[in-house]
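The shown structure was predicted, so the numbers you read here are calculated from the model rather than taken from an experiment. Just so we're on the same page: letters track the sequence lines, and every chain starts at 1. Quick note: numbers below take in every heavy atom, side chains included, and nothing from hydrogens, waters or symmetry partners.
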Amino acid sequence: MDEKFLKPYDPKETEDKIYKKWEDSGFFNPDNCVKAGICDEDAEPFSIVLPPPNVTGTLHMGHAAMLAVEDIIVRFNRMRGKKTLWLPGTDSAAIATQSKVEGEIYKKEKKTRYDLGREELLKRVKAFTDESESTILNQLKKMGSSLDWSRYAYTLDEKRYHAVMTAFVNMYEAGLIYRGARIVNWDPELQTTVSDDEVVRKETQGKFYYLKYGPFTIGTARPETKFGDKYVVMHPDDKRYSEYKHGEELGLEWINGPIVATVIKDDATDMEFGTGVMTITPWHDLTDFEIAERHNLDKEQIIDEKGKLLKIAGEFEGMHIKKARALIVEKLDKKGLVEKIDENHEHSLATNSRGGGVIEPQIKEQWFVDVDKEFKIENSKIAGIDSGSSINLKNLMKTVVESGQIEILPEHFKKTYYHWIDNLRPWCISRQIWFGHRIPVWYKDDEVYVGTEAPSEEGWQQDEDTLDTWFSSGLWTFSTLGWPEKTEDLEIYHPTNVLETGYDILFFWVARMILMGGFHLGDIPFKTVYLHGLVRDEKGRKMSKSIGNIIDPLDMVEKYGGDATRLSLIIGAAPGNDLKLSENKIKGHKHFANKIWNISRFVLSNIDGADLSEKPKLSDKDEEILHELNNTVKGVTDNIEKYRLDLAADEAYQYIWHGFADVIIEESKEILSGDDKEAKLARQWVLKEILITSLKLLHPFMPYVTEEIWSSFEEKDLLMVSPWPTN
RNA sequence: GGGCGCUUAGCUCAGUUGGCUAGAGCAACUCGUUUACACCGAGUAGGCCGGGGGUUCGAGUCCCUCAGCGCCCACCA
């Protein structure tokens, strides 16, 4: 027996060494497994792409949980002899990264991106991402992730860049991407648009003003937008205002003098709310914009991109809206136009969740993906959609889930998914930032050129904007496999088997991948979507810097080992449920790692010298023990297949500690020290069998400690590529 | 406003198509150093399965209803 067993298990001494051994073996790469005869050339493929973490980020518990789940699934399938690929990558995270770098530059040099210029800023961002890339990659390894590093991809590397350009051009040519003036979520602080999904609403209290507007009273929380309000809107069925006819014009006194208002009847008005009458500001409000579109009304910009009032505001021109509001109300009041002010009105404030400011809707020329427009699907591999038929993106996204071709776990998220699709509007994909995939459109006078490469002649100007980061992320399952080239990888590994991610990015990412896969490949991007929950602190609060309740996965790995950290993120975490994590839990699982260590010590020291090359004759009791082992194998296997990793881990834990250690080993002591040589040999054989099987069952969950034990009594292959036990 | 969840032992959670005498881990308590392990072992205690109603031979599980908690979406100016 190896001397190392005389001391308690020390993850710190073991883990890096083991990871290196795995990496050196090359078996994270399925091609090498085939070459070494570990899996058959024509074995069933199994693939997962890693949801790419932000290249400038650091590992948090959410990542750790994701890595644990995926690595378990991957290791399980690899051991079952499948051609298994887990493909790593990182994401440029355009807005987040650029604003991080901009912030640092401003702090150190007091310079903005406009001071530096596009080229210089991008150089700085590149330097920053290059530098931080290795940090996140090393952290991914720390969790024991069996990722095929030879296939590493970065959203902004050359191949992915080409994929994104191709995707844009193809969608443009199909008429699904168009440029148009629509109302977008404008962040005056970051000076860019953000997508609907990135806008979060915060409940706040504020003043609500009732203003006299001719014969009407209108309510508003934002008097500073009201300068151009020349349409007064009410519900067509509202009896209180039946005397006013649609299109009727009324002269009335307003902020900066007399104006002519036109009556509009539209059922977007809520008769119950306020007075049931409103004026509209189509340039800065989505509802208003839509009303204006329906009735073909004028739209006028009131506020500029920096949040300052324009000429239309008269004496208030050039003033920031924050300052202007009080002054405008004061003026209205002097004119006797303020009827009432409600001091504590609750309303929600739209803010940019990517770290910007308060959203100010603006009408802007932007690029959009049309989710309603039908296109012809050429080579459909989608159940229920024939090749050559026409479909729009919304219906495509629905069909693949409804038909069951894509399975979502837990299942109830399907409803959330459908609900989101039903409310989906055109997807604004252009961003006014510099770091990212620049839109492959060039302009020259009135001409427009769209192509993957710049036009060769002089004088063309490329569109200034970059693409929404989710546009490139949407291609991830196939851009990482080499698309648009027709690669062997794409052929073998796509569609991928599982997409594992947090339920919080179901819309951002999962839905967009389904959209992109459907359009570009006529196929699904993955067969199963496994959604994990959020990792919270022991009281169920989100982990955050401000509360100071962050548990750093790397600290935990350092203190208790990668195996314990992984197991803690799995046990008790049903799919889709948030997980409450405490340091104590992780500590407890470190004890489990040590338990296995000691079980091995006991078994190995007791079979030393015994010839177990042939299966001895077993007693009925021995057979019964093996039968119980088989039940455990079956239970663990079934649960992993059903993606109930929590139950699988729990069952293995239960069996190994309270079955194997507490009962079987205890009972064996007597036999091993007894005089019956035959019984002893049989039991030695059984113990070894159980140990081998237990290590295998546990390997996906606790890869380090099991591999380390394995190395001390099995000479041949790594445990990582040993066959999964059959029952 | 619309949607989706959750409520089971002190705490964290399992409990799959109804068969449960309701389980596990942690915590608590008692005892214990014997061929691995004190990062341990043996044992004990702890539950009207949120309330009410229904379906059923049988309900933690299915249906209705009420209450509390949480999340997501949304154009109430």
Item to complete: Check whether the side chains of A/D608 and A/S605 place a donor and an acceptor atom closer than 3.5 Å, and report yes or no.
Response: no
Worksheet item: So what does A/F289 touch, heavy atoms closer than 4.0 Å: a base, only the sugar-phosphate, or nothing?
Response: nothing
Give each protein N/O atom lying under 3.5 Å from an N/O atom of nucleotides 3-13 of chain B, with the pair distance.
{"residue": "B/C13", "atom": "OP2", "partner": "A/K580", "partner atom": "NZ", "Å": "3.1"}

Taking distance alone, no hydrogens or angles, what donor-acceptor pairs closer than 3.5 Å link side-chain atoms of residues 570-581 of chain A to residues at least two apart or in another chain?
{"residue": "A/D578", "atom": "OD1", "partner": "A/Y503", "partner atom": "OH", "Å": "2.9"}
{"residue": "A/D578", "atom": "OD1", "partner": "A/L534", "partner atom": "N", "Å": "2.9"}
{"residue": "A/D578", "atom": "OD2", "partner": "A/Y503", "partner atom": "OH", "Å": "3.4"}
{"residue": "A/D578", "atom": "OD2", "partner": "A/R536", "partner atom": "NE", "Å": "2.6"}
{"residue": "A/D578", "atom": "OD2", "partner": "A/R536", "partner atom": "NH2", "Å": "3.1"}

Fill in: Pairs where residues 584-593 of chain A contributes a residue and the test side chain to side chain donor-acceptor pair (under 3.5 Å) is met, not counting sequence neighbours
A/S568-A/H589
Might you list the N or O atoms of the protein lying below 3.5 Å from N or O atoms in nucleotides 40-44 of chain B, with each pair's distance?
{"residue": "B/C40", "atom": "OP1", "partner": "A/H591", "partner atom": "ND1", "Å": "3.4"}
{"residue": "B/C40", "atom": "O3'", "partner": "A/K595", "partner atom": "NZ", "Å": "3.1"}
{"residue": "B/G41", "atom": "OP1", "partner": "A/K595", "partner atom": "NZ", "Å": "3.2"}
{"residue": "B/G41", "atom": "OP1", "partner": "A/W657", "partner atom": "NE1", "Å": "2.3"}
{"residue": "B/G41", "atom": "OP1", "partner": "A/D662", "partner atom": "OD1", "Å": "3.3"}

Worksheet item: Do the non-hydrogen side-chain atoms of A/D266 and A/R294 ever get within less than 4.5 Å of each other?
Response: yes
Under 3.5 Å between N/O atoms: give me all the protein pairs with nucleotides 74-77 of chain B, atom names plus distance.
{"residue": "B/C75", "atom": "O4'", "partner": "A/T287", "partner atom": "OG1", "Å": "3.0"}
{"residue": "B/C75", "atom": "O2'", "partner": "A/T287", "partner atom": "OG1", "Å": "2.7"}
{"residue": "B/C76", "atom": "O2", "partner": "A/D270", "partner atom": "OD2", "Å": "2.3"}
{"residue": "B/A77", "atom": "N6", "partner": "A/D270", "partner atom": "O", "Å": "3.2"}
{"residue": "B/A77", "atom": "N6", "partner": "A/F273", "partner atom": "O", "Å": "3.2"}
{"residue": "B/A77", "atom": "N1", "partner": "A/D270", "partner atom": "N", "Å": "3.2"}

Fill in: Salt bridge present between A/R644 and A/D646 (N-O < 4.0 angstrom)
yes
Worksheet item: For RNA chain B, what is the dot-bracket line, given that a base pair needs Watson-Crick (N1 to N3, plus N6-O4 or O6-N4) or G-U wobble (N1-O2 and O6-N3) geometry with both distances under 3.5 Å, and | means paired with another strand?
Response: (((((((..((((.....[...)))).(((((.......))))).....(((((..]....))))))))))))....
Fill in: Integer angstrom distance from the C1' of B/U61 to that of B/A22
11 Å
Item to complete: By nearest nucleotide on RNA chain B, pick out whichever of A/L647 and A/D650 is the more 5' one.
Response: A/L647
